[in-house]
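Below you'll find the structure, written out as structure tokens, and then a few comments.
Ligands are counted one by one from 1 in listed order, and the atoms in each one are counted from 1 as well.
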Amino acid sequence: MRILKKATDLRKALPRKKSIAFVPTMGALHAGHMALIKAAADSHDLVVASIFVNPTQFNERSDLQKYPRTPKEDAALLKAHGCDFLYLPDVADVYPDGMKKNAAKNIDFGPLTATMEGANRPGHFDGVAQVVSRLLEIVEPDTLVLGQKDYQQVAVIRAMIQRLDLLVRVLVVPTVREFDGLAMSSRNKLLNTDERAAAAMINRQLAAVVAGLAAGWPTQPLEQMALSALGEHDLLDPEYVQIFDGDTLLPYLDGDNVRELVVATAVRCGDVRLIDNRIVDLPNP
Ligand code: PAF
């Protein structure tokens, strides 16, 4: 695996006649990221990954500062799982004209960013769209590989790709979970033992909502029940539990005809903010 710190070097090094899958990350890699690398390697000639903790998508400075950084371990994991190129830039290489210049800045994502993460983290998705559009400009992959855990992020990036007319496919890989169902996340490393044990409840409550929907229960009481159950735990502070249409991200109203029904949540566990979602498998939602 070659590690390159400069966009110009990476562009020179990439053979253009091979199919390229790109896995953007912020590092602190785990088995969830490795599932993305595997999906990329299984379907393409070359895998490019990036590790860049993007300052423009953090709305709390303390969150940016404490974001885990483990570049040596990350590089070893990527190499062991078949990644061919790692782009490991600094801020100046990603944003040579400054962080304010943003190819994606005039995009109005409308309802896609009005709820959930968009409502709770103002400006977050503008930063995500900014960095992903810039990384796509650098790597020019055939396929962008993203994780289902960030469901809203995937929807925003798809919209950004469409609005900017970029020629890239999106491959979404299902969430990988710990033994107790907690979604794998770089942020899990920041949880202490008690918080880590409490965090398992997030998936259990999402599973309860999915089971309720499958049994035909109405949406709002299910959201409320999960919210209250999470809120009753001393170490958990839920921000939202939302059942929504996976295409529009608008709240699901009982009886709506949707292609994909999703339940998502964000929960503060100590100082750590965790998100998770589940797609509801209904023959006739
Ligand atoms: O999901 C992430 O890790 C980040 O939001 C991404 C897509 C790498 C952009 O910084």
Side-chain angles (χ1 to χ4, degrees), residues 7 10 21-37 39-40 47-60 63-71 73-75 77-78 83 85-95 99 102-105 107 109 112-113 116-118 120-139 141 143-161 164 166 168-176 183-190 264 266 272-277:
L10 177 68
F22 173 50
V23 183
T25 82
M26 297 208 298
L29 304 181
H30 49 68
H33 293 108
M34 293 312 117
L36 306 185
I37 298 290
V47 179
V48 180
S50 63
I51 297 179
F52 177 61
V53 184
N54 173 37
T56 69
Q57 70 187 75
F58 285 82
N59 18 24
E60 289 170 32
D63 196 20
L64 169 63
Q65 277 162 349
K66 69 172 187 245
Y67 199 84
R69 288 164 172 86
T70 53
E73 293 86 336
D74 291 348
L77 264 181
L78 288 169
C83 179
F85 293 89
L86 168 59
Y87 176 46
L88 192 64
D90 62 12
V91 173
D93 202 62
V94 175
Y95 299 124
M99 288 195 269
N102 179 353
K105 84 169 168 233
I107 300 178
F109 292 105
L112 292 185
T113 53
M116 299 184 286
E117 294 308 284
N120 284 278
R121 302 178 68 189
H124 166 68
F125 285 122
D126 295 327
V128 170
Q130 173 185 25
V131 75
V132 175
S133 67
R134 170 68 181 135
L135 292 170
L136 289 175
E137 175 183 79
I138 294 169
V139 181
T143 303
L144 173 68
V145 186
L146 299 168
Q148 186 208 308
K149 187 172 79 68
D150 297 288
Y151 195 95
Q152 195 173 11
Q153 168 169 283
V154 174
V156 170
I157 292 174
R158 278 192 204 277
M160 183 268 293
I161 287 172
L164 298 181
L166 305 179
V168 62
R169 273 188 303 274
V170 176
L171 174 64
V172 182
V173 178
T175 304
V176 179
M184 290 213 174
S185 163
S186 307
R187 291 168 193 264
N188 294 352
K189 290 194 170 103
L190 301 171
V272 185
R273 190 171 179 280
L274 300 170
I275 59 170
D276 196 0
N277 68 77

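The only option from I37, L86, L144 that meets the side-chain contact (heavy atoms from CB on, under 4.5 Å) definition with V23 turns out to be I37.
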Between the protein and ligand 1, which nitrogen or oxygen pairs come in under 3.5 Å, and how far apart is each?
from	atom 1	to	atom 2	distance (Å)
ligand 1	1 (O)	Q153	NE2	2.8
ligand 1	5 (O)	Q57	NE2	2.9
ligand 1	5 (O)	Q153	OE1	2.7
ligand 1	10 (O)	Q57	OE1	2.6

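In terms of the side-chain contact (heavy atoms from CB on, under 4.5 Å) criterion, residue partners of A35 (sequence neighbours excluded) are, by chain and number, V173, V176.
By the 4.0 Å N-to-carboxylate-O rule, E117 lies close enough to R273 to be salt-bridged with it.
Side-chain polar atoms of Y95 and N54 form a donor-acceptor pair below 3.5 angstrom.
Side chains of P55 and V91 form a contact here, defined as non-hydrogen atoms less than 4.5 Å apart.
For the atom pair NZ (K189) and NE2 (H30), the distance works out to 7.0 Å, reported to the nearest 0.5 Å.
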